[in-house]
Every structure is written in C-alpha cells, then in structure tokens.
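Here is the structure we will look at, set down as structure tokens.
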Number of protein chains: 2
Amino acid sequence: MTAKKIHKQKAYGEVGYALEEQVGFVLRRAHQRATSVFQRLMGEWDITPLQFAALVKIRDEGRVSQNQLGRLAYMDPATVMGVVGRLRTRGLIRVLADANDKRRTLLMLNSSGLELLEQLEPVALKVSEQTLDPLSKEEQKTLIELLRRFDVTAE
Amino acid sequence: MTAKKIHKQKAYGEVGYALEEQVGFVLRRAHQRATSVFQRLMGEWDITPLQFAALVKIRDEGRVSQNQLGRLAYMDPATVMGVVGRLRTRGLIRVLADANDKRRTLLMLNSSGLELLEQLEPVALKVSEQTLDPLSKEEQKTLIELLRRFDVTAE
DNA sequence: CCTAACTCATTTGTCTACAAATGATGCGGA
DNA sequence: TCCGCATCATTTGTAGACAAATGAGTTAGG
C-alpha cells in the first residue's frame with residue numbers, strides 16, 4: 001500500500017544525490033540495526049552497548065583511569081562520565097583515587113561487575129551473530145575487516 | 001608513548017571476548033568517523049547529518065508528512081520532531097496542515113531550504129569521499145553494498 | 001453505521017555523542 | 001626551581017536515538 005510511495009526515492013543511477021548510497025547514511029542504518037539487536041538480546045539485563053564495552057575494557061585493563069577508558073572504548077570524557085556514573089550506581093565497578101596522580105580516578109570491576117560480564121559475554125557473541133545474519137560468513141569477515149580499516153587513521 | 005598500553009587489549013586470536021571484532025563496536029567507530037568528517041566539512045553551514053538527510057528526503061518527495069519522513073530517513077517520531085523543529089526554526093521548510101487528513105502535518109522545502117540544499121550536496125559528496133578515503137575504490141563499493149544488505153531485512 | 005484497531009503528532013524520560021569551558025594537578029625545559 | 005603547557009575529571013549545552021504513553025483522527029469489519 002504505502003510501498004508505492006517508497007519508489008519516489010531517487011533510484012540507483014539517477015542524476016541527483018542518492019542519500020542511500022552515502023557512507024554516513026548506511027553506516028547510521030547499520031549501527032541502528034546493531035544496537036536494536038543488542039537491546040533485544042540484552043534487554044533483560046538492562047545494559048547498553050557502551051556500558052557493556054566499558055565493562056569489557058575495565059576488566060581487560062584490570063584498572064584504568066576514566067580518560068584511559070574513554071580512549072580504549074572511543075568515548076569522549078563527557079560520555080565516559082555518564083557511563084561510569086551509571087555503572088557505579090548499579091554497583092558494578094569500584095572507583096578509587098590514584099595515589100600517584102591526584103587528577104586521576106581509577107576504575108576496576110568488583111565481583112558483581114565481573115560476574116555480570118561473564119554472563120553477558122556469550123550473549124554478546126549472539127548479538128554479533130544475529131546482526132551479521134544477512135551476510136555470508138565470507139562477507140561478514142570482509143565487512144569487519146573493511147570497517148576496522150577506518151581505525152588505523154588514528155586521527 | 002601511550003601506544004604501549006594499547007597492546008594490553010586482547011589480541012586477535014586470544015581466548016576471551018574481543019570487543020574490537022564485534023560488529024556493533026566497529027560500526028559505532030565507523031559511524032563516529034563519518035559524522036566527524038561531516039562536521040568538519042559542513043561545520044561552516046551549521047547543519048547536522050540528520051538535518052541534511054531530512055532536507056534531501058523532503059525535496060525528493062516534494063511534500064511529506066512527518067511520519068513519512070521518519071520512515072524514509074529512518075528516524076523515529078520523537079527524533080523527527082526535533083529535526084523538523086530545528087529546520088522550521090531556521091526557516092528552511094514550510095509546514096502546513098493536510099486538508100485530507102487532519103492528523104497529518106505536511107512538510108516541504110521553501111526557497112531558502114532548496115537553495116541551501118543545492119549548496120550542500122556537492123559538499124556531501126566530498127564527505128563520503130573523505131570518509132571512505134582509507135579504502136580503495138573497489139573496497140569502497142564492497143563496503144557500501146555489504147552495509148546496504150542490512151536494510152533489505154526490513155525487520 | 002459504529003466501534004475496535006490503527007495511524008499521526010506530540011511529550012517525557014533515559015542514554016549516547018560531542019563541543020567548549022573550568023579548575024586542579026602534573027611535567028618538562030629554561 | 002618555577003612557569004607554561006598538557007592532562008585529568010567535571011559541567012553545561014545541543015543534538016540524535018529510542019521506549020512508552022497520550023489524545024485526536026481515520027479506517028475497516030461486522
């Protein structure tokens with residue numbers, strides 16, 4: 001019914017600017033899909049992608065300062081503030097002052113954080129799986145590799 | 001300098017959960033790159049990726065209702081509200097009531113909206129170009145195609 | 001022709017995302 | 001040694017992203 005209207009979109013070879021061929025647009029779409037799958041599978045634990053990423057990074061490091069965590073998980077300082085605050089409120093991490101550098105706040109998982117993370121990791125693998133479902137195994141590998149190339153540029 | 005710390009991240013074949021190999025994580029990264037390039041090139045016009053997408057879609061359709069626009073640009077109703085509000089405030093679109101359906105609000109570009117959009121489109125192409133810069137032409141095509149496959153599922 | 005189910009715009013609330021500014025602290029070089 | 005510059009955490013402000021709820025309006029089926 002409404003499908004007819006859709007065809008008014010600029011088609012592939014058309015002259016003008018085709019929004020759905022621009023990287024930013026399709027990346028946004030793909031990212032929406034990924035977070036949607038994440039919410040569906042992780043919803044029952046009430047955790048967000050960023051909160052999960054933070055837990056993983058904190059555990060991998062043992063102990064990190066907030067800024068360090070931000071660099072590892074690609075969050076800017078303001079965003080880290082929020083994420084860390086919520087993890088702290090939920091009692092998943094321990095926050096302590098760095099004796100060697102009074103500017104720093106050190107973060108580490110406490111036992112409930114570690115326990116939760118261990119429950120979550122297998123689910124996170126399912127999230128990746130389901131997100132990538134429309135692609136063949138070969139294509140999945142290609143996609144991840146191409147996306148990771150955006151990283152090298154450091155910037 | 002700090003590069004040494006980075007190697008504490010789980011390496012490729014390691015046992016545990018490797019965050020940087022999960023789709024959601026790399027998609028988020030890639031999307032960050034795209035919006036960062038967008039801001040850098042579009043900053044001088046003070047426009048955001050979503051606002052630009054909305055302008056394109058409104059022009060392509062001629063006139064759209066808000067919900068329709070949301071479906072075309074993949075924004076939910078609450079997000080559309082904000083974007084449309086800002087475009088209206090800046091005087092780029094015209095908002096009128098639909099005579100046939102009193103629930104609906106119709107949107108269309110006014111002359112300044114159209115004029116701005118025409119200035120912006122060539123810049124938007126540069127945004128895509130620069131974003132994709134780390135990849136070869138061949139890889140760029142592959143990436144876009146793979147990303148667009150996430151769309152077909154309709155979901 | 002009437003009502004139940006749907007659609008539309010809108011609000012509220014939570015969570016990313018980032019720019020820009022701030023004050024406290026640390027550090028390197030003259 | 002001390003002074004400028006960098007780094008750290010933090011705040012404020014704007015904008016996307018979405019869930020959930022609401023009331024007005026439309027449509028389809030009985």
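These numbers were taken from a predicted model, which means no experiment stands behind them. Naming convention: chains lettered A, B, ... in sequence-line order (proteins, then strands); numbering from 1 in each chain. Heavy-atom basis, side chains included; hydrogens, waters and symmetry copies ignored.
For B/R71 and C/dC8, the shortest distance from a side-chain N or O to OP1 or OP2 is below 4.0 Å. OP1 or OP2 of D/dC18 sits under 4.0 Å from a side-chain N or O of A/Q32. Under 4.0 angstrom from either OP1 or OP2 of D/dC8 there lies at least one side-chain N or O belonging to A/N67. In terms of phosphate contacts, A/T48 brings a side-chain nitrogen or oxygen within less than 4.0 Å of OP1 or OP2 of C/dT16. Residue A/Q66 places at least one side-chain N or O closer than 4.0 Å to OP1 or OP2 of D/dT10.
Atoms CZ (A/R88) and P (D/dT10) sit 8 Å apart, rounded to a whole Å.
Between the side chain of B/R103 and the base of C/dT7, a donor-acceptor pair under 3.5 Å is found.
Comparing C/dC8, C/dA19, C/dT16 by their nearest atom to the side chain of A/L50 picks out C/dT16.
When the nearest nucleotides of DNA chain D are assigned to B/G82 and A/R104 by heavy-atom distance, the more 5′-ward of the two goes with A/R104. With the nearest nucleotide of DNA chain D identified for both B/A99 and A/Q39, A/Q39 has the one nearer the 5' end.
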**OP:** Start with the C-alpha gap between B/T142 and B/L135, add the side-chain angles, then the distance that decides, and say whether side-chain contact (heavy atoms from CB on, under 4.5 Å) holds.
**Re:** CA-CA 10 Å; B/T142 305; B/L135 304 183; over 6 Å; no
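The shortest side-chain heavy-atom distance between B/L92 and B/Q51 does not fall under the 4.5 Å cut-off.
In this structure, B/T79 reaches the bases: a heavy-atom distance under 4.0 Å links it to at least one base atom across the strands shown. Nucleic acid contact class of A/T35 (heavy atoms, under 4.0 Å, all strands): none. Across all strands shown, B/D101 has heavy atoms under 4.0 Å from sugar-phosphate atoms exclusively, and none from any base. Within the 4.0 angstrom heavy-atom criterion, only backbone atoms of the sugar-phosphate kind lie near B/V83; the bases stay farther away.
Side chain to side chain, A/Q68 and A/R71 fail the donor-acceptor criterion of an N or O pair below 3.5 Å.
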